[in-house]
Amino acid sequence: MSERSIGVLGDRKKARLDELARASAADRGGVSLVRDAARRLRRNPVAIIGAAIVGLFVLVAIFAPLIAPHDPVQRFDELTKNLTVDTIPGASGEFPLGSDPLGRDFLSRMIYGARQTLFVGVLATLIGLALGVLIGAIAGAFGGWVDVVLMRLTDVMLALPSLLLAITLVAMASRSSQWTVIFAVAIVSVPIFARLLRGSMLAQRESDHVLAARALGVKERNIVLRHMLPNSLTAVIVQATLTFAVAILDAAALSFLGLGDPDINRAEWGLMLGVDGQRYFEVRPELAYYPALAIIVVALGFTLLGEAMREAIDPKNRR
């Protein structure tokens, strides 16, 4: 084989290798963490199931006035005339889930209960997230005695069972209401967010891009706000999805124990389970079954979605 033929063959091989390298770079390069996580979530059946449950719950809550067949606080004569101490009307054509103990459409109250549960869960999670991010950011940014004091306070809160701490906070209020439940559930979640963000920021302090920013003379405030904090929030956002499920369960538990909103006209799953379901369980157990099943399914949906997001974002959790 001549030197010219060898040269041509070598050029072809080099061109082929360059082509393969460009194709590999086009397939793998330039994919952000968010896009990669979204692609993994779309292929994960657990994430699809969780997202479907959460999406259905949110749609029912948002469009409750359009979906509910009746006013949730209206008492109907055809239901109240059959109400006795030992009899509560069951399912019928106009009222698919029957009546509650006061002669109101139970299906409409279940639908509006989704809106109330979403409101309590979202607001409690957002308040807890905001306070936790503030405490965790301060502890992770300053370190030293500030970190020690803040983390010891969070350790004290974490040492107590979350439901017991929430019950204590609600009991300290002069009068229980919907807002006392929201703030109690929010405070319970604060140390979880604070601990998680603080750990992520401490890991960011020693990363290469933070050390490079310090070497270039970037101010510490800009390093914290533009480099450390944004790169530490991913795990906290995922945790917020899981915390939402816990917030729903804690709020329902407080209402079940009679520490929630005392307004019997308010449609809320935990209140329906505690006031109506428990009191009239032997007469009509469906009053307890329906709200309990709704709470379990919604909490399961957020848990499945949160776990799938954690697995998709954190490589160490991938199987």
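Test I182, L254, V185, I248 against V120 for side chain to side chain contact (heavy atoms under 4.5 Å, CB included) and you get one pass: I182.
Cluster annotation: V181 is not connected to Y112 through the hydrophobic network of ILVMFWY side chains, with a link wherever side-chain heavy atoms come within less than 4.5 Å. V54 and I49 fall into different hydrophobic clusters, where Ile, Leu, Val, Met, Phe, Trp and Tyr residues are linked whenever their side-chain heavy atoms come under 4.5 Å apart, directly or through other members. Residue L134 is grouped with residue V146 when hydrophobic side chains (ILVMFWY) are merged at heavy-atom distances under 4.5 angstrom, including chains of intermediate members. Note on I62 and V60: same hydrophobic cluster, where clusters join Ile, Leu, Val, Met, Phe, Trp and Tyr whose side-chain heavy atoms are under 4.5 Å apart, directly or indirectly. Under the 4.5 Å side-chain heavy-atom criterion for grouping Ile, Leu, Val, Met, Phe, Trp and Tyr, V246 is not connected to L305 through any hydrophobic cluster.
Distance CG/L163 to OG1/T168: 9.0 Å, rounded to 0.5 Å. Between L97 atom CG and L107 atom CG the span is 4.5 Å, to the nearest 0.5 Å. From I127, atom CD1 reaches atom CG of L131 across 7.5 Å, with rounding to the nearest 0.5 Å. Distance check: S200 OG to Q239 CD gives 10.5 Å after rounding to the nearest 0.5 Å. With values rounded to the nearest 0.5 angstrom, D250 atom CG is found 4.5 Å from S162 atom OG.
Closest approach of R284 to S99, counting heavy atoms only: NH1-O, 2.8 Å. Closest non-hydrogen pair, L197 versus A137, comes out as CD2-N, 3.6 Å. Closest heavy-atom contact between A47 and A308: CB-CB, 3.4 Å. Across all their heavy atoms, V170 and T180 have their closest contact at CG2-O, 3.9 Å. For G306 against V238, the heavy-atom pair with the smallest separation is O-CG1, 3.6 Å. Of all non-hydrogen atoms in I187 and M157, the two that sit nearest each other are O-CE, 3.3 Å.
Between the side chain of T154 and the backbone N or O of P191, no donor-acceptor pair lies under 3.5 Å. Side-chain N or O atoms of R115 include one that pairs as donor or acceptor with a backbone N or O of A61 at under 3.5 Å. Distance alone, capped at 3.5 Å, places no donor-acceptor pair between the W269 side chain and the A292 backbone. For the pair S189 (side chain) and A186 (backbone), a donor-acceptor distance under 3.5 Å is present.
Side chains of F193 and T243 form a contact here, defined as non-hydrogen atoms less than 4.5 Å apart. For the pair P72/D105, no side-chain contact is recorded, criterion being any heavy-atom separation below 4.5 Å from C-beta on. Residues I48 and N44 fail the side-chain proximity criterion, which asks for heavy atoms closer than 4.5 Å. Counting heavy atoms from C-beta on, the side chains of L118 and F244 come closer than 4.5 Å. Between L158 and R195 there is a side-chain heavy-atom pair separated by less than 4.5 Å. Contact annotation: the side chain of L287 never approaches that of M272 to less than 4.5 Å [non-hydrogen atoms, C-beta and beyond]. You'll find the side chain of M309 stays beyond 4.5 Å of the side chain of L242, heavy atoms only. In this structure the side chain of V298 reaches within 4.5 angstrom of the side chain of F302, judged on heavy atoms.
Between Y290 and F106, the angle of the ring planes lies from 30° to 60°, which puts this pair in the tilted group. Between W179 and F119, the angle of the ring planes goes over 60°, which puts this pair in the perpendicular group of the 30/60° scheme.
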List the steps, then state whether side-chain contact (heavy atoms from CB on, under 4.5 Å) holds for L249 with I295. CA-CA 7 Å; L249 294 175; I295 293 171; 3.6 Å; yes

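Salt bridge absent: D71 and R104 never bring a charged side-chain N and a carboxylate O closer than 4.0 Å.
Remark: Y289 pairs with F281 by the ring pair (Phe, Tyr, Trp, His ring centres under 6.0 Å) rule, at least two apart or across chains.
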